[in-house]
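These numbers come from a predicted model, not from an experiment. Throughout, protein chains are lettered first and strands after them, A, B, ... in sequence-line order, and every chain is numbered starting at 1.
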There are 2 protein chains.
Amino acid sequence: MTAPSPRALTEPVEDYLKAIYELERRNGAASTSEVALALAVAPASVTGMVRRLAAQGYLDHVPYRGVQLTAAGRAAALRTIRRHRILETYLTQVLGYPWDRVHDEAERLEHAASDELIECLAAALGHPTSDPHGAPIPTVDGLVDERVHRTLADLAVGHTARMVRVASDKDPDLLRYLADIALRPGAEVTLVARAPYDGPLTLRIGEAQPIVGPNLAAQVLVEPVLTPAPASAASATEPKPAASRARRR
Amino acid sequence: MTAPSPRALTEPVEDYLKAIYELERRNGAASTSEVALALAVAPASVTGMVRRLAAQGYLDHVPYRGVQLTAAGRAAALRTIRRHRILETYLTQVLGYPWDRVHDEAERLEHAASDELIECLAAALGHPTSDPHGAPIPTVDGLVDERVHRTLADLAVGHTARMVRVASDKDPDLLRYLADIALRPGAEVTLVARAPYDGPLTLRIGEAQPIVGPNLAAQVLVEPVLTPAPASAASATEPKPAASRARRR
DNA sequence: CTCGATATTTAGTGCATCCTAAATTGTCCG
DNA sequence: CGGACAATTTAGGATGCACTAAATATCGAG
């Protein structure tokens, strides 16, 4: 019981935890400025909030070094993510809500909907395990299959996936290139690096030289390849030993 | 254009406007302390908020005298009420959401849902004109049929209605009494007075002496009787000349 | 190993919203 | 008409969360 009350997180708090969770998952660590970028707030604001969240047991903060979610923080983040994805799924599948607005709508509703409503929607949907973008929906007790990534945008740095399809109408040049060199059935891409938040990615396709692509990552569908590289291969969230590129010392 | 931006009302602001609207409709006026009672905040807080809302053109405030919604304020209140009622209807009818929790859920969602989502839900429901409690749902352009009241709780002071049915399991004594003396088919009740917020009511049934009842008003279904008494009989919201018992001078 | 570029934190503020306690005003009764 | 009492407003704070500007720490280059 590090966290105080059961359902008393403010909207900003939920957003911070969610963003930190996502950064940790994708980059292995979350720095002040990355969080600031993700939430579109000033770095100094992040420092302040981080201090408070650390005091409340949602994360560990080593000044000038970075943050790590605690179990409580991860649980809170996952609950918010579950809400978000259930909502997106419901809005899309049941209400036929327009694609381009589903995300923002869910972003606002996720803070207002009760757990009860969310479970009600989940039931109506037949307890889906992934949202319309293919992202996994955490279970009620906070378990996610972290290995499921459906687009390049969801890949963690250092991980490899099998490219499945490139579906987009924008940026036809790069897409043609990708289709040419990479879409031999089952081609594999490895995410070498990524710009701070949702910027361009650096990819290695097969054994070729790494290339830098603009961010159409969300258009490239992939299927995960079990990478032995970075130690852990856990599917749950519990004891996840601070992934690949967190600097020790 | 008295109100500044289109969709930039905070949650507290929407709640204040909604409460003031409801008080104005039911009592003909809204005093600081009634608003405070309705929102469970200190009277001093109401004064402060009222000052701000008046400055922004949502209401007129005569210090020590009370508040009146402006057209802008009424429009904002009605939009929130529309959201609330559409949400309640959807939760109840489509999701089978438990009765006792619909209200609170809608209360939170109404501040987060976009107009677009609300219209989407309304369409899915076939554009209902009243919510599960029988309360009228304002239209998109802010029109309500103020004459529709389905329970005694919705009756304005001074108005008369025909009692239709008493449906409740609690307070059997009073109910039996009501059934005895008042439920001759088509008996009429007039609301003489009501306690500050949702407290007991004073009713006159037919020509009998007024009686004071505890608040089971929500259990007594009524059907409106057009009362000629208080001047206006408008069905819209626009030029509604400050109902019955607002003290002039 | 020192220096500078960059990341991070501290300091000092602002705004929205709430609170309590202390004036102030309005009303109504004798 | 003059209080007394209730309703209301003012004064003075507190909290959450954001911001800017000014320190300060870290890290990679030379």
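- Between the CG atom of B:D15 and the P atom of C:dT17 there is a distance of 11 Å, given to the nearest Å.
- A:R85 places no side-chain N or O within 3.5 Å of a backbone atom of A:A135 that could act as its donor or acceptor partner.
- One distance of note links OG1 of A:T10 with CE of A:M49; it measures 5.5 Å at 0.5 Å rounding.
- The pair A:E22-A:R25 meets the salt-bridge criterion, with a side-chain N (NZ, NE, NH1 or NH2) lying under 4.0 Å from an Asp/Glu carboxylate O.
- Rounded to whole angstrom, the span from the CZ atom of A:R65 across to the C1' atom of C:dA7 amounts to 12 Å.
- The CG atom of A:L109 sits 11.0 Å away from the CG atom of A:D104 when rounded to the nearest 0.5 Å.
- Rounded to whole Å, the distance from OH on A:Y64 to C1' on D:dA25 is 5 Å.
- For the 3.5 Å distance criterion, the side chains of B:H111 and B:D15 qualify, holding a donor opposite an acceptor.
- Remark: A:R51 is in phosphate contact with C:dT10, judged by side-chain N or O atoms under 4.0 Å from OP1 or OP2.
- When rounded to the nearest whole Å, the span between CD of A:E11 and P of D:dC17 equals 10 Å.
- Atom OH in A:Y16 sits about 9 Å away from atom P in D:dC17, given to the nearest Å.
- Residue A:H111 contributes atom NE2, which lies 12 Å from atom P of D:dC17 at whole-angstrom precision.
- Separation of atoms CG (B:L91) and CG (B:L121) is listed at 8.5 Å; rounding is to 0.5 Å.
- From B:H84, atom NE2 reaches atom CD1 of B:I118 across 10.5 Å, with rounding to the nearest 0.5 Å.
- With A:I20 as the fixed residue, the side-chain contact (heavy atoms from CB on, under 4.5 Å) test singles out one of A:V67, A:L39, A:V46: A:V67.
- Atom-to-atom distance recorded for B:I81:CD1 and B:E110:CD is 8.5 Å, nearest 0.5 angstrom.
- Between the CG atom of A:L9 and the P atom of D:dC17 there is a distance of 10 Å, rounded to whole Å.
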Between the protein and nucleotides 19-22 of chain C, which nitrogen or oxygen pairs are less than 3.5 angstrom apart?
| unit_1 | atom_1 | unit_2 | atom_2 | d |
| --- | --- | --- | --- | --- |
| C:dC19 | OP2 | B:A42 | N | 2.8 |
| C:dC19 | OP2 | B:S45 | OG | 2.4 |

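- At C:dT6, none of the side-chain N or O atoms of A:S33 fall inside 4.0 Å of OP1 or OP2 (strictly under the cut-off).
- A distance-only check finds no donor-acceptor pair linking the side chain of A:E88 to the backbone of A:D131 [under 3.5 Å].
- Listed nucleotides C:dT10, D:dA7, C:dC18 differ in distance to A:T47; the shortest reach to its side chain belongs to C:dT10.
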Nucleotide N/O to protein N/O under 3.5 Å, stretch nucleotides 2-4 of chain C:
none

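- When each of C:dT8, D:dC17, C:dT10 is scored by its nearest atom to the side-chain atoms of A:M49, the top-ranked nucleotide is D:dC17.
- Between A:H61 and C:dT9 there is a side-chain polar atom (N or O) within less than 4.0 angstrom of OP1 or OP2.
- Between the CG atom of B:L37 and the P atom of D:dA7 there is a distance of 11 Å, given to the nearest Å.
- The side chain of B:T10 lies closest to C:dT17, out of C:dT17, C:dT8, C:dT9.
- Not one side-chain nitrogen or oxygen of B:S31 sits closer than 4.0 Å to the OP1 or OP2 atom of D:dA7.
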